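This one's a predicted model, so the numbers in the text were calculated from it and none came from an experiment. Each residue takes its place number in the sequence, starting with 1. Side chains included, hydrogens not; waters and symmetry mates left out as well; all remaining heavy atoms used.
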Amino acid sequence: MIVPMKKVSLIVLDGERKNALKKLRKLGLLHIEIKEGKGPRLVELKEQIASLEKGISAAADKTSRGTARKEADTQKAGIQEADIQEALSIAARMDSLQEEQKKCYADLSAYQAELERIRAWGDIDPKEIAFLAEKGIVLSFHEMSPSVYDRLGDAARTIVLERTKDIVRFLLLNDGTLTEEDKTQLERSRFRLPDVSTGELRKKLEDAQRQLQSIKEELEELAAYGPSMERAVAALKKEVEFETYASGMGEEDLSEDASGKVSVAYLVGFLPAEDLGRLQRMARENAWGLLAEDPTEEDDAPTKLRNNKFVSLVYPVTDFLGSMPGYFEPDISGWFLAFITIFVGIIFGDGGYGLLICGIAAALIMKSRKEKKAVAPIAWLLLLFGGMTLVWGTVTCSWFGLAAEELPEWLKKLSVPVISNVYSDKLWYPFWTGGKAGLTTSQNVQILMFTIALLHLLIAHASGAARNRGSLKMLGDIGSILELVGMYYVVLSLVVNGAVFGLDLVVSGIPVGTIAVALVIIGFAVNFIFGNYEESILQSVLDSVKDIVSMLLGVVNVFSDIVSYIRLWAVGLAGAAISATINDMVSPLLGHFIFIIFAVIILVFGHGLNMILNVLSVIVHGIRLNTLEFSTHIGLSWSGHKYEPFEE
């Protein structure tokens with residue numbers, strides 16, 4: 001259920017705003033509707049958080065021998081201002097080290113590139129070349145292809161250091177007159193000398209490597225303070241929240257003249273109606289102004305869900321989706337849990353997989369019990385999902401993709417014949433066909449899927465009718481129910497088997513097909529008249545006329561929504577086919593002892609991958625049927641946001 005909330009407006013003297021917020025934070029009940037604050041302090045806090053988060057990111061990339069010890073130390077007491085300042089100092093140091101590290105990498109890359117560039121020339125010292133030039137011996141270094149070198153004139157005096165089929169490296173010592181062509185070729189081939197000697201480059205490279213190693217070691221040591229920085233971030237975020245509320249409160253000057261300025265600050269928030277008394281007592285004790293009223297649909301009231309422990313098992317799923325019903329929308333947690341459990345069982349569709357899921361859940365539960373911790377809801381949810389998968393695998397006789405003839409007789413007897421794989425080749429003849437038209441096992445499963453669809457969507461509209469009781473709008477929901485029932489039979493006729501479920505079918509004098517079509521027409525008419533009812537029937541009809549295209553498409557949508565549930569059977573069938581294919585791949589290997597290990601690896605990998613695909617199918621298909629088809633019919637848009645009280 002959605003906990004009833006109260007909207008409260010709180011007024012305090014402007015000078016008391018921070019003191020009031022501290023008391024409200026200690027009370028821990030009020031969800032404050034202030035999204036933005038202002039002021040230099042808020043900017044400073046956000047910059048500090050950004051700095052710490054950068055440090056945390058750096059720490060996550062490092063490991064340290066001292067991590068466990070220091071993390072334990074940080075848990076001994078609540079974080080203080082000095083701890084925050086120390087964490088900020090560490091984050092700043094890590095940021096500085098990272099910048100130095102980047103520079104070191106750049107230097108290393110440059111030194112290595114330069115050494116590689118001059119490697120073929122051996123050791124070079126520019127100072128020695130300059131010394132020779134001062135003595136009148138001017139040398140220049142050149143590289144060119146052999147063909148170009150051979151065309152140089154006799155005036156070019158060279159000392160060849162290396163000649164290959166691709167390149168000639170030489171020194172040019174020239175005090176004669178070169179031709180213009182030789183000058184051009186030699187200028188193009190001039191080798192640029194390094195700024196420092198080869199030895200100095202190697203030394204710089206070694207120094208940069210040592211500095212880089214030192215930086216890495218210091219970063220690894222500082223990474224041990226990652227938990228401290230995380231706790232500092234959490235504390236600063238609380239401070240940001242406080243400063244946002246303090247600086248974002250509304251202000252009002254109540255002074256009538258300039259003789260004495262009186263200003264107040266105010267805020268608006270929400271809290272559970274059952275806790276209003278505690279806030280009222282605090283307001284009286286502190287002389288605050290307080291106005292409490294029921295939220296309206298114009299208010300952005302937060303949603304707080306409260307359900308029993310069993311229904312609450314669905315919360316890990318809805319939290320993962322980030323889905324929350326609006327305050328004025330229905331809470332479908334119970335129905336969501338019931339049907340997602342059914343959908344998981346059908347999609348996984350294999351009793352063997354169900355046993356594996358139950359085994360994982362049992363291991364998590366036993367681990368928690370052994371550590372004397374509360375069992376996580378996800379463990380119980382997995383146990384529930386595994387149990388339903390086991391049930392579906394049992395009634396359909398599906399076990400690790402094995403063919404029915406390979407299974408023991410007692411497992412076959414546990415299955416339900418009309419949907420069991422044991423009887424996949426058998427036709428089932430409904431009594432009204434007189435043995436002339438039958439249904440296959442697959443068609444029986446399809447009928448079951450559409451029956452689940454009918455039940456699921458009927459619950460949605462029945463819930464809507466219950467919410468609208470006392471209003472003529474309830475007749476609109478009843479019209480939708482009639483439309484659903486009639487369309488269900490139309491789906492069986494058009495999708496499953498027209499010979500068995502004909503639109504002209506008459507059973508014991510009852511024109512079943514005609515009644516189904518009539519229900520669709522009557523349901524549409526009733527929904528057309530009362531579906532938009534607010535104040536008058538005439539206005540409801542006019543609203544429907546204005547939206548006539550959507551109303552007509554709604555009939556098609558009912559058909560498609562029911563048919564949409566066949567995806568459960570189709571996805572389950574695909575998973576079974578993958579399981580069978582994996583088994584067929586492995587079966588030839590099982591006859592040879594040497595290949596058994598490979599067979600086991602393939603089986604584990606193949607079935608594991610199939611289970612992962614099934615998880616994705618649950619997210620894509622199973623959850624969709626709850627959050628789209630069912631939610632659309634019940635009038636749920638998941639537009640809410642979670643109740644998050646301002647607390648310490």
(message) To the nearest 0.5 Å, what is the distance between NZ on Lys473 and CG on Asn468?
(response) 5.5 Å
(request) Could you tell me the separation between the CZ atom of Phe339 and the CG atom of Leu455, rounded to the nearest 0.5 Å? (result) 4.0 Å
(message) I'd like to know if the side chain of Tyr327 reaches the main chain of Glu297, judged simply by a donor and an acceptor atom lying under 3.5 Å from each other, with no hydrogens or angles considered.
(response) no
(request) Could you verify whether a donor N or O on one side chain and an acceptor N or O on the other, from His633 and Asp477, lie under 3.5 Å apart? (result) no
(message) Before you tell me yes or no, could you show the steps for Asn307 and Tyr315 under side chain to side chain donor-acceptor pair (under 3.5 Å), namely the whole-Å CA-CA distance, both residues' side-chain angles and the distance that decides it to 0.1 Å?
(response) CA-CA 10 Å; Asn307 290 292; Tyr315 290 166; 2.8 Å; yes
(request) Could you tell me the separation between the CZ atom of Phe524 and the CG atom of Leu482, rounded to the nearest 0.5 Å? (result) 13.5 Å
(message) Keeping Ser415 on the side-chain end and Pro417 on the backbone end, is there a donor-acceptor pair under 3.5 Å?
(response) no
(message) Other residues, nucleotides and ligands only: do more than 12 of their heavy atoms fall within 6.0 Å of CE on Met1?
(response) yes
(message) Main chain of Pro325, side chain of Thr303: is a donor-acceptor contact present, judged purely on distance under 3.5 Å?
(response) yes
(message) Can you give me the closest heavy-atom contact between Leu383 and Ala361, atom names plus distance?
(response) N-CB, 3.4 Å
(request) Taking all non-hydrogen atoms of both residues into account, name the closest pair between Met551 and Asn527 and its distance. (result) CE-O, 4.0 Å
(message) With no hydrogens and no angle check, just 3.5 Å: does a side-chain donor-acceptor pair link Ser550 and Asp547?
(response) yes
(message) Under 4.0 Å between a side-chain nitrogen and a carboxylate oxygen: does that hold for Glu409 and Lys413?
(response) no
(message) Distance alone, cut at 3.5 Å: any donor-acceptor contact between the side chains of Thr451 and Tyr488?
(response) yes
(message) Whether the Ser540 and Glu534 side chains hold a donor-acceptor pair (N or O, under 3.5 Å, no angle test) is what I'd like checked.
(response) no
(message) For Asp425, is the CG atom crowded, meaning more than 12 foreign heavy atoms sit under 6.0 Å from it?
(response) no
(request) For Phe605, look at atom CZ and say whether over 12 heavy atoms of other residues, nucleotides or ligands are found less than 6.0 Å away. (result) no
(request) Check the angle between the aromatic planes of His456 and Phe630 and answer parallel, tilted or perpendicular using the 30° and 60° thresholds. (result) parallel
(request) Over all heavy atoms of both residues, which pair between Gly345 and Met388 is shortest? Give the atoms and the distance, please. (result) CA-CG, 3.8 Å
(request) Let me know which of Ile478, Val526, Leu519, Val555 forms a side chain to side chain contact (heavy atoms under 4.5 Å, CB included) with Glu483. (result) Val555
(request) Flag the pair Lys7 and Glu298 as a salt bridge only when some basic side-chain nitrogen lies within less than 4.0 angstrom of an acidic carboxylate oxygen. (result) no
(request) Verify salt bridge (Lys or Arg N to Asp or Glu O under 4.0 Å) between Arg306 and Glu274, making sure each step is shown before the conclusion. (result) CA-CA 13 Å; Arg306 179 182 295 157; Glu274 61 195 15; 2.4 Å; yes
(message) Once rounded to the nearest 0.5 Å, what's the spacing between atom OG of Ser564 and atom CG of Leu628?
(response) 7.5 Å
(request) Locate the shortest heavy-atom distance separating Pro430 from Val500; write the atom from each residue and the value. (result) CG-CG1, 3.7 Å
(request) Could you walk me through whether Asp350 and Asn610 pass side chain to side chain donor-acceptor pair (under 3.5 Å), step by step? (result) CA-CA 11 Å; Asp350 190 291; Asn610 193 24; over 6 Å; no
(message) Using 0.5 Å steps for rounding, measure from the CZ atom of Phe343 to the NE2 atom of His621.
(response) 12.5 Å
(message) Under a 3.5 Å threshold, yes or no: a donor from one side chain and an acceptor from the other, between Asn421 and Ser398?
(response) yes
(request) Output the distance between atom CG (Asn614) and atom CD1 (Ile578), rounded to the nearest 0.5 Å. (result) 7.5 Å
(message) For Ile340 versus Leu337, what's the shortest heavy-atom pair and its separation?
(response) CG2-O, 3.3 Å
(message) Strictly below 4.0 Å, N to O, side chains only: are Glu644 and Lys642 in salt-bridge contact?
(response) no
(request) Verify the distance criterion only: is there a donor paired with an acceptor across the side chains of Thr296 and Asp299 at less than 3.5 Å? (result) yes
(message) I'd like to know if Glu405 and Lys412 make a salt bridge, using a cut-off of under 4.0 Å between side-chain N and carboxylate O.
(response) no
(request) Check the surroundings of atom CD1 in Ile597: do more than 12 heavy atoms from other residues, nucleotides or ligands lie under 6.0 Å from it? (result) no
(message) As a quick check of understanding, evaluate side chain to side chain contact (heavy atoms under 4.5 Å, CB included) for Leu448 and Trp569, giving each step before the final call.
(response) CA-CA 9 Å; Leu448 179 58; Trp569 167 74; over 6 Å; no
(request) Give a yes or no on this: more than 12 heavy atoms of other residues, nucleotides or ligands lie within 6.0 Å of atom NZ of Lys35. (result) yes
(message) Can you confirm whether Trp335 is buried at CH2, in the sense that more than 12 heavy atoms of other residues, nucleotides or ligands lie under 6.0 Å from that atom?
(response) no
(request) May I ask you to check whether Arg624 and Thr627 show a side-chain donor-acceptor distance below 3.5 Å? (result) no
(message) Side chains of Leu568 and Ile342, heavy atoms from C-beta outward: is any pair under 4.5 Å?
(response) no
(message) Tell me whether the count of non-hydrogen atoms from other residues, nucleotides or ligands lying under 6.0 Å of CD in Glu406 goes above 12.
(response) yes
(request) Return the minimal non-hydrogen interatomic distance between Pro272 and Val3, and the atom names on each side. (result) CB-CG1, 4.0 Å
(message) With no hydrogens and no angle check, just 3.5 Å: does a side-chain donor-acceptor pair link Ser579 and Tyr353?
(response) yes
